[in-house]
Amino acid sequence: MYSEIVMDHFANPRNVGEIQNPDGLGQVGNPACGDMMAFYIKVDDNKLSDIKYKTFGCVAAIAVSSIVSEMANGKSLDEAKQISKKAAAEALGGLPKEKMHCSNLGAEALVKAIEDYESKN
Ligand code: FES
């Protein structure tokens, strides 16, 4: 039911981890399924210079975190904020319909981390 790309990102999540003293931190959770995600960012010259995350969740949530971190790395803050849940799901070769809510988490956590940075700067 999952694409090969999803399974690859689940088995080998990119950029997983935590950044000490991040410039921005975004945390989201879905009360319905109990999944949680935290995105840590470093910002340099208005661009994302480093992204890490910790995800407690399903296969799709982990794959979404991984792909969003890859899609956003090096992008300007405005560009990164435009990464939609749809774009993340498409980059993963699609997600099963009942798993589309998992892609919301990744896009939301990243936007929250950027907003956290912007509120402090
Ligand atoms: Fe809820 Fe995946 S089942 S984030």
Side-chain angles (χ1 to χ4, degrees):
M1 77 176 218
Y2 286 118
S3 73
E4 269 179 41
I5 308 174
V6 170
M7 292 316 292
D8 178 44
H9 279 268
F10 170 65
N12 308 291
R14 328 294 199 260
N15 306 310
V16 68
E18 192 176 333
I19 296 175
Q20 297 300 324
N21 303 317
D23 294 327
L25 168 64
Q27 287 176 288
V28 292
N30 184 316
C33 61
D35 287 3
M36 288 182 292
M37 200 179 277
F39 263 76
Y40 307 80
I41 57 169
K42 278 282 184 195
V43 179
D44 197 15
D45 201 15
N46 218 37
K47 287 200 168 90
L48 291 169
S49 54
D50 197 12
I51 306 176
K52 296 256 187 291
Y53 57 86
K54 289 207 293 200
T55 295
F56 175 83
C58 68
V59 171
I62 290 166
V64 164
S65 312
S66 176
I67 200 93
V68 166
S69 74
E70 277 199 327
M71 289 166 81
N73 221 342
K75 288 221 162 68
S76 73
L77 301 183
D78 283 343
E79 283 169 337
K81 277 201 252 179
Q82 305 300 320
I83 296 172
S84 65
K85 54 184 182 173
K86 189 164 167 271
E90 278 172 10
L92 286 170
L95 284 172
K97 199 158 144 260
E98 68 278 14
K99 288 286 170 181
M100 281 306 289
H101 81 270
C102 315
S103 66
N104 294 352
L105 286 186
E108 272 174 31
L110 177 66
V111 169
K112 275 199 173 184
I114 294 172
E115 287 173 350
D116 180 43
Y117 166 78
E118 288 173 336
S119 73
K120 294 182 198 153
N121 288 275

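For ligands, and for the atoms within them, numbers begin at 1 and follow the listed sequence.
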Ligand-side contact atoms (ligand 1) for residue partner [X], heavy atom cut-off under 4.0 Å:
| X | value |
| --- | --- |
| Cys102 | 2 (Fe), 3 (S), 4 (S) |
| His101 | 1 (Fe), 2 (Fe), 3 (S), 4 (S) |
| Leu105 | 4 (S) |
| Lys99 | 3 (S) |

Salt-bridged, [X] to [Y], with N to O below 4.0 Å?
| X | Y | result |
| --- | --- | --- |
| Lys112 | Glu108 | no |
| Asp116 | Lys120 | yes |
| Glu18 | Lys52 | no |
| Asp78 | Lys47 | no |

Exercise. Examine all N, O or S atoms of Cys58, backbone included, and report whether one is under 2.8 Å from atom 2 (Fe) of ligand 1.
Key: yes

Quiz item: Are any N, O or S atoms from Cys33 nearer to atom 2 (Fe) of ligand 1 than 2.8 Å?
Solution: no

Practice problem: Classify the side-chain pair Asp44/Ser49 by whether it contains a donor and acceptor separated by less than 3.5 Å. | Solution: no

Quiz item: Considering only protein heavy atoms, which is closest to atom 4 (S) of ligand 1, and at what distance to one decimal place?
Solution: Asp35 OD2, 2.8 Å

Quiz item: Does some side-chain heavy atom of Met36 sit less than 4.5 Å from a side-chain heavy atom of Thr55?
Solution: no

